[in-house]
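What follows is a single structure, written as C-alpha cells, with notes after it.
By convention in this document, chain letters (A, B, ...) are assigned in the order of the sequence lines, proteins followed by strands, and residues within each chain are numbered from 1.
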Number of protein chains: 2
Amino acid sequence: MKNILFDFISKYVSLTEDEKNVIVSLDIFRSVKKGTTLLKEGQKSKDSYFVLKGCIRTYYVVDSEEKTTAFYTEMEALTPPCVISKTPSEYYISCIEDSILTVSNSDMEAEINSKFPKFETVCRILSEELLAKQRMDFDEFKTSSPEQRYLNLLHKRPDLIQRVPQHQLASYLGIKPQSLSRLRARILEKSKA
Amino acid sequence: MKNILFDFISKYVSLTEDEKNVIVSLDIFRSVKKGTTLLKEGQKSKDSYFVLKGCIRTYYVVDSEEKTTAFYTEMEALTPPCVISKTPSEYYISCIEDSILTVSNSDMEAEINSKFPKFETVCRILSEELLAKQRMDFDEFKTSSPEQRYLNLLHKRPDLIQRVPQHQLASYLGIKPQSLSRLRARILEKSKA
DNA sequence: TAAAATCGTTCACTTAAGTTAAGAAATGAA
DNA sequence: TTCATTTCTTAACTTAAGTGAACGATTTTA
C-alpha cells in the first residue's frame, strides 16, 4: 500500500531509502470504514488526505440538504480550505467506500518542508498542477450544460458513475436528482433514435 | 508601482533589499494597452502574470463564440494551465483595460526558486491558497443558481460589474447575455415590490 | 425478519434559461 | 461628425431544470 504513495511521489522527485523511512515513520496510513465522517462543518482541522484506495466526498449542508461538490479517489489529494484559511470548516468530508488514506497534519508538513526542501518542491509542484487542473475543470463546468457535463463525466471518470449514488452525482453536476434521471432518459432516447 | 508587488510578497515572506533588487533586475514590469491579446489559443507560452493595475480576462472560443471564464484584477496572479502542462493553450488572454503587469517566465522562476528557497516557499503558499480559494469559488458556483451567482458577485466583487462588459460577465456567470439582462430586470422588479 | 428509511424513477406543473429576432444605445473608426 | 460595429435590452417562443408528489426497489436498522 505504501508503494502507491511512493510511486505517486516519484512522479515529482526521487526519494532515497532514508527519506522513504522518514515518511513511513510518520505513521500516516489509515484504514477508514464506509460512512465515516472525517470532518464536520464548523470543526477546525489541520488534516490533509491522500486516497490510496477507496473514495471520499466533500459536501455542504444548505437548508438541511446535502450539496456534494467533489469526489476524491485513488491517487488524489485533498487539503480542505479550512486547513489553509485556519477557520472552521464550511463543509463535511465523508468516506463513501471502505478506504485507505494517508492523513497528514499541516504542522507536520511545515516541519518536514523546512527540514527537507525536496518535500516543499513536491508540494509546490503538486499545488500548481492541481490549481491548473481545477481551473480547467471549473472552466469546463461553466461553459457546459448539465447534459454536456454528464457526458463529459461519463467520458473522463466513468468509474464515478458506477461507484457513486445518483443523488450525490446530481449535485456534483449542479442539478437535482430528478433532473439527472430525466437527462439520462433523454440521452438514452436519443441514442435509440 | 513596484511597491505594490513588494507589499503583496511581504504578506508571505519578508524580503531583504538585495532580494528586492534581484526582482527589479529581472525587468518584469510591463505596461499593456486595452485590447492587447497576451496569449492565443494554440500558442505555447511560459509566461505567468501578476496584475499591478488594470484587468485581464481569459476566454475560450467555442463555435466562434467567446466564453469568458475569469477576470484578474489588482493583486491577482495568473499562471495559465498551458504553462504547467507544457501544451498549447486552450484559451485566450486579453487585456480589458490599460494595465500594468508583471510578466515572468517559468524558466526564470525555476532558476530563482532553486537559488532562493524563500521564493519557492512563497510560490508554494500562494498556490495552496489560490487552490483553496478557487475550490470555494467552484463549490459556490456549483451550488448556486445564476441569479444567486449574480447577487454573490455583486456582493463580493462589485467593481467587476462596473468595469466589465455585460456579455463577458454573462458567460463568466455561465449564462447568455440576454439571460443576464432579464435576470437583472427581475431582481430590480423584486426590490421595487 | 419486519418495519422504516433511503434511493431512483416517473409524472404533471412551474419557473427560468436558451434561442431568434428586432431595435435602441454606446462605441470606435474613417 | 458620420457611418459601421458592437453592445445591451426587450419580447415571443422553445427547451430544460426545479418542484412536489407518488411509487416501487433497495438498504438499513430495530
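- A salt bridge links A:E66 and A:R57; the closest N-O separation between the charged side-chain nitrogens and carboxylate oxygens is under 4.0 Å.
- Between A:Q178 and B:V164, the residue whose closest nucleotide on DNA chain D is further toward the 5' end is B:V164.
- Not a single donor-acceptor contact under 3.5 angstrom links the side-chain atoms of A:R182 to the base of C:dG8.
- Between the side chain of A:R184 and the base of C:dG8 there is no donor-acceptor pair of N/O atoms closer than 3.5 Å.
- Taking atom NZ of B:K33 as the reference point, atom C1' of C:dG28 lies 16 Å away to the nearest angstrom.
- Nearest to the side-chain atoms of B:S179 among the listed nucleotides C:dG18, C:dA16, C:dG28 stands C:dG18.
- A straight line from CD of B:E147 to C1' of C:dT15 spans 11 Å, rounded to a whole angstrom.
- Proximity of B:H167 to the phosphate of D:dT6: no side-chain N or O atom is located under 4.0 Å from OP1 or OP2.
- With rounding to whole Å, B:Q148 atom CD is found 17 Å from C:dT15 atom P.
- B:S181 has a side-chain polar atom (N or O) that falls below the 4.0 Å cut-off from OP1 or OP2 of D:dT9.
- The separation between A:Q166 atom CD and D:dA25 atom P is 17 Å, rounded to whole Å.
- B:Y49 has its ring centre no less than 6.0 Å from the ring centre of B:Y72.
- Computed from coordinates, the A:I175 CD1 to C:dA16 P distance equals 18 Å when rounded to whole Å.
- Atom-to-atom, NZ of B:K142 to C1' of D:dA17 comes out at 18 Å; the value is rounded to the nearest Å.
- The interatomic distance linking B:K176 (NZ) with D:dC8 (C1') rounds to 16 Å, in whole Å.
- Connection of A:L101 to A:F71 is not established within any shared hydrophobic cluster, with ILVMFWY side chains joined at heavy-atom distances below 4.5 Å, either directly or through further cluster members.
- The number of heavy-atom neighbours closer than 6.0 Å to NZ of A:K118, taken from other residues, nucleotides and ligands shown, is above 12.
- Per the geometry, CG belonging to A:L183 stands 14 Å off C1' belonging to C:dG8, to the nearest Å.
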